[in-house]
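Note that these values count all heavy atoms, side chains included, but never hydrogens, waters or copies made by symmetry.
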Amino acid sequence: METFPKIISVDDHTVEPPHVWRDRLPSRYRDTGPRIVRAPLKEMTFLGGRFAPVMGAKGDEGPVGDWWVYEDLHRPLTRLDTAVGYDRDEIKLEVITYEQMRPGSFSVPERLADMDVNHVQSALCFPTFPRFCGQTFTEAKDRELGLLGVRAYNDWMVEEWCGPLARGRLIPLTLIPLWDARLAAEEVRRNAARGVRAVAFSEIPPHLGLPSIHTDAWDPFLQACDETGTVIAMHIGSSSRMPSTSADAPPAVGSTITFANCCFSMVDWLMSGKFERFPNLRIMYAEGQIGWIPYILERANVVWEENRGWGGVADKVHRPPSELFAEHVFGCFFDDAFGLKNLDSIGVGNVLYETDYPHSDSTWPKSREVGEAQMGHLDPEVVDRIVRGNAIDLLGLTPEGLWAGA
């Protein structure tokens, strides 16, 4: 392509600096809230979609890394958290320290520089330590501390990560206390009042021991998102259960089928009736790719048409699922040539681009080249919509593609 639009990535990641909770929690929680400890690794496995690290004691043998410690949780920083800049064959499941990761993972100035290298103008970033929708705080025992942890993260996200140094190029994505839908609604409105237009949520809440979206339990939260125009962003793995086939399946199996939870989740939403009850709701699936969407829409339409009498949806889903998808759902991709060849079956207005910086799947620093290769058959106007225009509209950015709340 002669020109390729400046990218607005709707799925990048931040690795939180050590001070996020240390500086923002009340002093009585400084020794129990999330904090960084440098310690050796005793053992670590990632099988059947389950990540299981064990922290060693000071003086033990083993590779040393930086660990987030919070209540009974010990979560190390790993090379998979920040793999950009490394050869693919050098990226292994290993613990690292902050000094061993690319500074753009946790520092705003270096992040902007790496975005420049990659032809990226703006980026929406998911968390690391809280996990993709704040499961870490949901699983904690102390609910008061958990709520303070969520709010502290959101304050850091809005005021520091997306603060003046970012110059509008970093787009805030906030968390909610998943254990209480009314508190979640309050947090959505608190952040919407300062310009936030996206909130993280779980792709399949029951996997976290939470109610499904087929219940009324989430309605206060959904009502707040509907009223404020806040987009519900769901990342693969935000149910704390990556797709797999068996307990001993290697990570390559799960990595190939990562879209599966997005697929299951989208059918949940399309058959839930929530889009008709909350007509302003918009949801997006980060890192789920898009090539699987046409068949699911085709099948959902057939089921809705032929089986709704006994399928439990006749009284709440009054329009074909494909129509609901077109108005409410957005698929996100970074490398999906097949999906782009079938764009007409998905919808130009329902697709967003991403780079997944700094994860191991990231196309950095060649996101532009990947996009040019896979979108070369599309009209420039269509490319512009996919690469930036749809994100500007969905996230309420300025015409220049910057966060309006900056």
Side-chain angles (χ1 to χ4, degrees), residues 8-14 16 122-138 146-159 161-162 170-205 208 210-211 213 217-240 262 265-266 268-269 272 274-275 278-288 328-330 332 352 354 391 393-397 403-406:
I8 297 177
S9 174
V10 296
D11 172 31
D12 285 359
H13 299 265
T14 177
E16 300 80 17
S122 306
L124 180 84
C125 297
F126 283 82
T128 297
F129 168 71
R131 311 218 297 282
F132 294 142
C133 66
Q135 302 102 297
T136 296
F137 297 110
T138 302
L147 180 59
L148 290 172
V150 167
R151 290 175 174 167
Y153 176 87
N154 291 341
D155 290 344
W156 170 80
M157 168 62 61
V158 174
E159 299 166 5
W161 184 252
C162 301
L170 295 173
I171 306 162
L173 172 70
T174 52
L175 304 176
I176 56 169
L178 290 162
W179 60 90
D180 188 315
R182 296 192 181 280
L183 288 176
E186 291 177 10
E187 192 62 14
V188 166
R189 291 190 171 95
R190 182 176 82 95
N191 291 304
R194 47 185 177 175
V196 176
R197 289 286 300 274
V199 63
F201 190 62
S202 174
E203 59 201 356
I204 308 176
L208 303 179
L210 300 169
I213 61 162
W218 295 106
D219 284 4
F221 164 66
L222 300 181
Q223 182 70 43
C225 293
D226 181 87
E227 292 176 357
T228 60
T230 300
V231 179
I232 296 175
M234 292 171 281
H235 195 284
I236 58 166
S238 56
S239 61
S240 295
C262 298
S265 174
M266 189 178 83
D268 249 354
W269 281 89
S272 70
K274 297 303 183 185
F275 293 139
F278 303 103
N280 296 315
L281 272 185
R282 301 292 184 272
I283 67 174
M284 57 171 269
Y285 288 101
E287 208 172 323
H328 299 275
V329 184
F330 295 80
C332 311
L352 306 168
E354 59 186 44
D393 294 341
L394 180 65
L395 298 171
L397 306 180
W403 176 45

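Ionic pairing of Lys274 and Asp268 is not present here: no N-O contact between side-chain nitrogen and carboxylate oxygen is shorter than 4.0 angstrom.
Closest non-hydrogen pair, Gly288 versus Cys262, comes out as CA-SG, 3.7 Å. Heavy-atom minimum distance, Leu173 versus Ala233: CD1-CB, 3.9 Å. Taking every heavy atom of both residues into account, Val231 and Met284 meet most closely at CG1-CG, 3.9 Å. The shortest heavy-atom contact between Ala181 and Ala217 is CB-O, 3.2 Å. Nearest heavy atoms, Ile176 versus Val188: CG2-CG2, 4.0 Å. Considering every non-hydrogen atom in both Arg197 and Leu394, the closest pair reads NH2-O, 3.5 Å.
Within the model, atoms CE of Met157 and SG of Cys162 stand 5.5 Å from one another, a figure rounded to the nearest 0.5 Å. Atom CG of Asp226 sits about 5.0 Å away from atom CG of Leu281, to the nearest 0.5 Å. Taking NE2 of His13 as the start and NE2 of His235 as the end, the distance is 3.5 Å to the nearest 0.5 Å. Residue Thr230 holds its OG1 atom at 11.5 Å from CG of Leu222, rounded to the nearest 0.5 Å. How far CZ of Phe221 is from CD1 of Ile213: 11.0 Å, rounded to the nearest 0.5 Å. Atoms CZ and CD, on Phe132 and Glu287 in that order, are 6.5 Å from each other to the nearest 0.5 Å.
Side chain of Gln135 to main chain of Leu208: no donor-acceptor pair is present (N/O by atom type, distance under 3.5 Å, no hydrogens or angles). In this structure, Asp12 contributes its side chain and Cys125 its backbone to no donor-acceptor pair below 3.5 Å. Judged purely by atom type and a 3.5 angstrom limit, Trp403 uses its side chain to pair as donor or acceptor with the backbone of Gly195. A donor-acceptor contact shorter than 3.5 Å is absent between the side chain of Thr174 and the backbone of Val199. Between the side chain of Ser272 and the backbone N or O of Trp269 there is at least one donor-acceptor pair closer than 3.5 Å. Between the side chain of Glu203 and the main chain of Ser239, a donor-acceptor pair closer than 3.5 Å is present. A distance-only check finds a donor-acceptor pair linking the side chain of Asn191 to the backbone of Glu187 [under 3.5 Å]. Counting only distance, with no hydrogens or angles, the side chain of Trp156 and the backbone of Trp161 share no donor-acceptor pair below 3.5 Å.
For the side-chain hydrogen bond (donor to acceptor under 3.5 Å, both in side chains) test, no residue two or more places apart in sequence or in another chain qualifies with Glu16. Scored by the ring-ring contact (aromatic ring centres under 6.0 Å, His included) test, Phe330 finds no partners at all (sequence neighbours excluded).
Considering Val150, Leu183, Leu210 as possible partners of Leu178, the one that fulfils the side-chain contact (heavy atoms from CB on, under 4.5 Å) test is Leu210. Across Ile283, Leu175, Ile232, a single residue satisfies side-chain contact (heavy atoms from CB on, under 4.5 Å) together with Phe201, and that is Ile232. Among Ser202, Ser240, Ser238, the single residue meeting the side chain to side chain donor-acceptor pair (under 3.5 Å) criterion with Arg131 is Ser240.
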Exercise. Please walk me through it: do Leu395 and Arg282 pass side-chain contact (heavy atoms from CB on, under 4.5 Å)?
Worked result: CA-CA 10 Å; Leu395 298 171; Arg282 301 292 184 272; over 6 Å; no
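In this structure, the side chains of Ile8 and Ile171 come closer than 4.5 Å at one or more pairs of heavy atoms. The shortest distance between side-chain heavy atoms of Arg194 and Glu159 falls below 4.5 Å. Contact check for Phe137 versus Pro177: no side-chain heavy atoms found under the 4.5 Å cut-off.
Residue Arg189 qualifies as enclosed at atom CZ: its count of foreign heavy atoms under 6.0 Å is above 12.
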